[in-house]
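Contents: one structure, followed by commentary.
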Amino acid sequence: MEGNQGAFKTRNLSWRQKEIILAIKEYVEDNGYPPSYRELTNLVGLKSVSTLAGHLDRLKAKGYVSFMPGLPRTLSLNKEINVE
């Protein structure tokens with residue numbers, strides 16, 4: 001744990017929220033830019049962009065992600081996140 005000081009812990013997240021965080025992280029690592037909502041919806045197996053938006057709103061309120069509503073590809077992780 002010493003090497004991960006300052007990293008977010010994810011104990012207070014649902015499994016779906018953890019899945020979304022991991023999908024964002026992997027997509028950015030692979031592509032160099034964040035996924036669109038539609039791409040992220042497909043990556044995590046959701047059927048509705050509005051359901052994804054609800055998860056992202058809750059993740060933003062908890063401080064895990066940030067984005068600018070109405071602007072494409074502004075989704076980002078706020079800190080290194082260790083999924084437990």
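Counting from 1, the numbers follow the sequence of the chain as shown. For clarity, every value in this text was computed on a predicted model and none was experimentally measured.
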- Should Leu77 and Val28 be marked as a side-chain contact (heavy atoms from CB on, under 4.5 Å) after you check the CA-CA gap, both sets of side-chain angles, and the distance that decides it? CA-CA 10 Å; Leu77 299 177; Val28 170; over 6 Å; no
- Query: Taking C-beta and beyond as the side chain, do Leu59 and Leu13 meet within less than 4.5 Å on heavy atoms?
  - Reply: yes
Supply the atom-to-atom distance [X] [atom1] to [Y] [atom2], rounded to the nearest 0.5 angstrom.
X     : Y     : atom1 : atom2 : answer
Ser14 : Ile20 : OG    : CD1   : 7.0 Å
Leu43 : Ile24 : CG    : CD1   : 9.5 Å
Lys25 : Asp30 : NZ    : CG    : 12.0 Å

Considering all heavy atoms of both residues, which atom of [X] and which atom of [Y] are nearest to each other, and what is their separation?
X     : Y     : value
Val65 : Leu56 : CG2-O, 3.8 Å
Glu39 : Arg73 : OE1-NH1, 2.8 Å
Tyr27 : Tyr33 : CD2-O, 3.2 Å
Asn12 : Lys62 : O-NZ, 3.0 Å
Phe67 : Asp57 : CZ-OD1, 3.5 Å
Asn78 : Gly63 : ND2-O, 2.9 Å

- Item | With Val44, the side-chain contact (heavy atoms from CB on, under 4.5 Å) member among His55, Glu19, Gln17 | Glu19
